[in-house]
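Some notes on the structure that comes next.
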Protein chains: 2
Amino acid sequence: MLEFTTEDLSAEDIERLRAIYEPLAISVRELVDATIRTEVDAETVAAVKADIDAATARLRSDQIDGAFGVRRTASGQSISWGNAVIGLRNASAPPLVIHRDEDGRRWTDFHLGAAYEGPPGHVHGGVSALVLDHVLGEAASPDGKPRFTGSITVRYLRACPLGPLHAEAQITRVDGVKTFASGYISDAEGITVEAEGVFITPRWLRD
Amino acid sequence: MLEFTTEDLSAEDIERLRAIYEPLAISVRELVDATIRTEVDAETVAAVKADIDAATARLRSDQIDGAFGVRRTASGQSISWGNAVIGLRNASAPPLVIHRDEDGRRWTDFHLGAAYEGPPGHVHGGVSALVLDHVLGEAASPDGKPRFTGSITVRYLRACPLGPLHAEAQITRVDGVKTFASGYISDAEGITVEAEGVFITPRWLRD
């Protein structure tokens, strides 16, 4: 059983915490990119590394045990700020901002830079799978209650360039505890990768 | 056509560059983790953010355009230091170190922390897909020449906990330009996620 923690946070509390921690993650995301692309000399790298170690030590002087988790507010809002895809405190996440149309379709416009590379100048195939797993999973959970991936198949139509991208997904069918969803990633030229998946309602949500 | 660049780097050059840049990425990886987990106050966060912005500016004072790419040395070694899964200069990558058995099986022991979370305390399903896409792709490329994912199916047997994990993959069949591979991720209790994929030899490598 997964532990979703509940905290009595108001909308104002959440906004206050977001204003503190989100700008830090945005800066660290830039640093991740610069760390891949820099060509400065060994001395400069060593000096920068020392500054970063000092910064990390200050942050770690008061930190939670383990990962961020998923925290639910008393009003039912879900806070996944550590999430590998949408976590706004996670500098490894793009992070995706998922939108919802009235017809249940989920979509996101996002940008993938140097940290998401596989083939030269192109998105790692596994990163496309990561994005699609998340977007299909959100589409399969229209009531805000989580469904977990049972299986997903990802088909690569052509190499997906780094840069601005779009992803979307929707439910195709529901059969008991199984929700089927499909979706794709596209660039300005059209679809690059498509996926379909089966998402399972966990036992403890089956009323 | 993908641009693999060739550089006349000796083994000593590569080791020297690795010694400069790898420790920086290791430090930034720790910072990514601390950024998710810290609970220090707003003033400390703002001070740390300013230090990080300064560090990023120093690194960016001399940097390549775009992503790292894949650089081949004159001796045929492939350097993918920006890669999203194995890139030793990519703080968003775990990074995986892939081993090769004599029978062609590829395997890796790795650790996933707070930056790879999906469900509370557990690996994001998409991160498992990312890892498996990469490990199967390496298994499908035994001659060191890249094969690209045509399609991959990932099946989730149970939730995969954050922490120490193992992944492995091997070729199951070759049919012309298609190489089939399968593999899995396991924790101490056994297999959590399994995958099978079809990997395609790119046109420009077909004879």
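Chain letters run A, B, ... following the sequence lines, proteins first and then strands; every chain starts at 1. Please read these numbers as outputs of a predicted model, since none were measured by experiment. Below, all heavy atoms of this structure are taken into account, side chains as well, without hydrogens, waters or symmetry copies.
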Among the options P120(A), A195(A), A50(A), pick out the one with the most heavy-atom pairs lying under 4.5 Å from chain B. P120(A)
If we define contacts as heavy-atom pairs under 4.5 Å, which of A93(A), G66(A), A54(A), G197(A) has the most with chain B? G66(A)
Evaluate the side-chain proximity of Y156(B) to V198(A): yes if any heavy-atom separation is below 4.5 Å, no if none is. no
Run through D51(A), T35(A), D53(A) and flag the one making a side-chain hydrogen bond (donor to acceptor under 3.5 Å, both in side chains) with S27(B). D53(A)
Of all of I36(B), T44(B), T149(B), T153(B), which one pairs up most often with chain A through heavy atoms under 4.5 Å apart? I36(B)
So what's closer than 4.5 Å to chain A heavy atoms on F148(B): side chain, backbone, both or neither? side chain
How long is the straight-line distance from CD of E39(A) back to CG of L17(B), given to the nearest 0.5 Å? 9.5 Å
Could you look at P23(B) and say if it's the side chain, the backbone, both or neither that has a heavy atom under 4.5 Å from chain A? both
Under a 4.5 Å cut-off applied to non-hydrogen side-chain atoms, are K49(A) and V28(B) in contact? no
Flag the pair V32(B) / N90(A) as yes when at least one side-chain heavy-atom distance between them is below 4.5 Å, and no otherwise. yes
Name the member of N83(B), L88(B), V127(B), V193(B) that forms the most heavy-atom pairs with chain A at distances under 4.5 Å. N83(B)
So which of G125(A), G150(A), A55(A) has the largest heavy-atom pair count under 4.5 angstrom toward chain B? G150(A)
Report yes if some heavy atom in the side chain of D62(A) is under 4.5 Å from a heavy atom in the side chain of T38(B); otherwise report no. no
To the nearest 0.5 Å, what is the distance between CD1 on I20(B) and CD on E43(A)? 10.5 Å
Could you check if a side-chain atom of V154(B) sits within less than 4.5 angstrom of a side-chain atom of D133(A), using non-hydrogen atoms only? no
Could you check which of H134(B), R16(B), R58(B), E117(B) has the highest count of heavy-atom pairs closer than 4.5 Å to chain A? E117(B)
Report the option among A129(A), P119(A), G137(A), A46(A) that has the most heavy-atom pairs separated by less than 4.5 Å from atoms of chain B. P119(A)
Identify the heavy atoms of G126(A) and L130(B) that sit nearest to each other, and give their distance. C-CD1, 3.3 Å
Most heavy-atom pairs under 4.5 angstrom with chain A, which of S151(B), A47(B), A114(B)? S151(B)
Salt-bridge contact R37(B)-D65(A) (side-chain N to carboxylate O under 4.0 Å): no
Max heavy-atom pairs within cutoff under 4.5 Å with chain A, candidates L31(B), L162(B), V70(B), goes to L31(B)
I'd like to verify something: which residue of D33(B), V48(B), I64(B), D41(B) has the highest number of heavy-atom pairs under 4.5 Å with chain A? I64(B)
Could you tell me the separation between the OG atom of S80(B) and the NE2 atom of H124(A), rounded to the nearest 0.5 Å? 9.0 Å
I52(A) vs I52(B) side-chain heavy atoms within contact, under 4.5 Å: no
Which of A115(A), G82(A), A57(A), P146(A) touches chain B most, by non-hydrogen pairs under 4.5 Å: A115(A)
For the student: nearest non-hydrogen atoms of V45(B) and Y21(A), plus distance: CG2-CE2, 3.7 Å
